[in-house]
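In listed order, ligands and their atoms are each counted from 1.
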Amino acid sequence: QRAPDGCPVSARAADFDPFTDAYQQDPPEYLRWAREQEPIFFSPQLGYWVVTRYDSIKAIFRDNITFSPSIALEKITPTSDEANAVLASYGYAMNRTLVNEDEPAHMPRRRMLMDPFTPEALKHHEPMVRKLAREYVSRFIDDGRADLVDQMLWEIPLTVALHFLGVPEEDMDTLRKYSIAHTVNTWGRPQPEEQVEVAHAVGNFWQFAGKVLDKMRQDPSGDGWMFYGIRKQKENPEIVTDSYLHSMMMAGIVAAHETTANATANAMKLLLSHPDVWREIGEDPSLIPNAVEECLRHNGSIAAWRRLVTADTQVDGVDLPAGARLLIVTSSANHDERHFTDADLFDIRRDNSVDHLTFGYGSHQCMGKNLARMEMQIFVEEFARRLPHMRLAQQTFSYVPNTSFRGPEHLWVEWDPNANPERKDA
Ligand code: HEM
């Protein structure tokens, strides 16, 4: 097999398949050979160039003109005609949001919509997050066993996302179903029968988002990012368009929900696999912020992101023509020895954990990063204080096969309820 530049594809590059369990379980380990021997390679199975080293990925993020984010949300597996017809029947018209918007449109929009993400604005959400975390832990604190994903982590970031956007809570169950379908639709490899089912869910999600938005327009004085966007639209209709608001409603839920739920599940799995670290955190909660950052580096919830080459260029000495597609594996960059000493070591006192690329970098860097950090820190604090004797239960971890969104579908933990330092109603 040959890459588009005519060079032969190595056996390992030909075998690379991000839909396998080996990639899902541990992306940086799965790509260790590439970081060491072939830092960029063409994957014939995916039709993408795969980039694995820290410096190269950071340079790609830094130049969003040569490396356009326009394909970030493109379906990785093209949908069947039948599924496309189903999507069309719902009037599905997902447009660019921020994350896949090129300049010059992107920056003015990003700047205009930034205020609700400032630390002062986010402080206002802290009591809500704390209250939710306490309520959920209280539900299972006396049980001695819980699936942290199903019983807590999958739910709270969605509720927080809805509050942050200003959306009413009533349709949470439906939304949860729709938003996972959206992930499979974008980043997964659904089978033909599954594609149609997914298309119905995505179509419903689209229509639902539109209805909620119409409701919000009737009284746009409310609190939340979508209300803020609706008000900004009145002043600048050419920057904040209708299509943008509708798309952002849907994309915003996905951006804020699954990423944070998965990130916390990954973090708890990592922390509990290191009982000494878990104990230390319980004894000294001031270690938590950096521990969370190290979890995001070591075991983040976005494994890889995408860019489109817009002008002939080179990455790691390989010529790439305009039109080349890149899978930039940020989780591999986060384990690059060239940037992180003893990169595989989980070290909550590492002084450059924050350099990780899990939130991207540069002009598109995640706008919600501080909201996500706040949520993760609060969850870890509540677990460490109320269930310091928690341990991982025996289990096999499963992941939804896709290139980018990564977190265990279940995370079973157990503890002796008689040893709880605090009771249910504390
Ligand atoms: C963009 C990851 C949580 C809103 C991004 C990008 C990544 C990412 C990789 C693309 C960055 C780039 O292209 O350079 C994550 C992770 C999260 C998280 C790992 C949780 C741990 C959130 C939350 C929100 C949010 C909670 C909203 C409340 C956004 C937005 C963008 C974005 C609006 C687009 C920014 C732009 O293109 O200008 N995020 N995200 N994210 N994220 Fe997040």
By number and element, which atoms of ligand 1 are closer than 4.0 Å to a non-hydrogen atom of Phe164?
28 (C)
Which residue and heavy atom of the protein sit nearest atom 18 (C) of ligand 1, plus the separation
Thr259 OG1, 3.4 Å
Which of the atoms in ligand 1, numbered in the order shown and given with their element, are less than 4.0 Å from a heavy-atom of Phe61?
12 (C), 13 (O), 14 (O)
Pairwise distance CG(Leu371) to CD(Glu126) - rounded to 0.5 angstrom:
10.5 Å
Between Ala256, Ala72, Gly300, flag the one that comes closest to atom 28 (C) of ligand 1 by a heavy atom.
Ala256
Heavy atom under 4.0 Å from ligand 1: found in Ala263's side chain, backbone, both, or neither?
side chain
Closest protein heavy atom (residue, atom, distance) for atom 9 (C) of ligand 1
Thr358 O, 3.4 Å
Polar atom proximity, Arg110 to ligand 1 (N or O, under 3.5 Å):
yes
Test item: Val99 and Trp305 side chains (from C-beta on) under 4.5 Å apart, heavy atoms
yes
Taking non-hydrogen atoms only, is Tyr361 closer than 4.0 angstrom to ligand 1 via side chain, backbone, both or neither?
backbone
Please classify the Arg307 to ligand 1 contact at 4.0 Å (heavy-atom distances, strictly less than): side chain, backbone, both or neither.
side chain
Using a 4.0 Å heavy-atom threshold (strictly under), name the region of Leu371 that reaches ligand 1: side chain, backbone, both or neither.
side chain
Starting from atom 31 (C) of ligand 1, find the nearest protein heavy-atom neighbour and note its residue, name and distance.
Met367 N, 4.0 Å
At what distance is the nearest protein heavy atom to atom 10 (C) of ligand 1, and which residue and atom is it?
Trp305 NE1, 3.6 Å
Just to check, does His106 reach to within less than 4.0 Å of ligand 1 when the distance is taken from its heavy atoms?
yes
Pair His298 + His335: ring centers closer than 6.0 Å:
yes
Just jot down the ligand 1 atoms closer than 4.0 angstrom to any heavy atom of Phe117, in number order.
27 (C), 28 (C)
Could you tell me whether the side chains of His125 and His163 share a donor-acceptor contact shorter than 3.5 Å?
no
Check the side chains of Ser243 and Asn95 for a donor-acceptor pair under 3.5 angstrom, ignoring hydrogens and angles.
yes
Ligand 1 atoms in contact with Ile302 (distance to a heavy atom under 4.0 Å):
2 (C), 19 (C)
Classify the angle between the aromatic ring planes of Trp415 and Phe140 as parallel (below 30°), tilted (30 to 60°) or perpendicular (above 60°).
tilted
Check whether any side-chain heavy atom of Thr259 lies under 4.5 Å from a side-chain heavy atom of Ile302, and answer yes or no.
yes
Tell me, which protein residue and heavy-atom name are nearest atom 1 (C) of ligand 1, and how many Å apart are they?
Cys366 CA, 3.5 Å
What's the shortest distance from atom 37 (O) of ligand 1 to any protein heavy atom, and which residue and atom give it?
His364 ND1, 2.7 Å
Between Tyr136 and Glu155, is the side-chain hydrogen bond (donor to acceptor under 3.5 Å, both in side chains) condition met? List the steps.
CA-CA 9 Å; Tyr136 273 77; Glu155 302 207 357; 2.8 Å; yes
Under 3.5 Å side-chain donor-acceptor pair for Ser404 and Arg306:
no
In terms of residue, atom name and distance, what is the protein heavy atom nearest to atom 6 (C) of ligand 1?
Phe359 O, 4.1 Å
Are Trp49 and Phe42, when compared by the centres of their aromatic rings, separated by less than 6.0 Å?
yes
Distance from atom 24 (C) of ligand 1 to nearest protein heavy atom, with residue and atom:
Gly368 CA, 3.5 Å
Going by atom types only, do Asn100 and Ser70 share a side-chain donor-acceptor pair under 3.5 Å?
no
Tell me whether the rings of Trp33 and Phe41 are parallel (<30°), tilted (30 to 60°) or perpendicular (>60°).
tilted
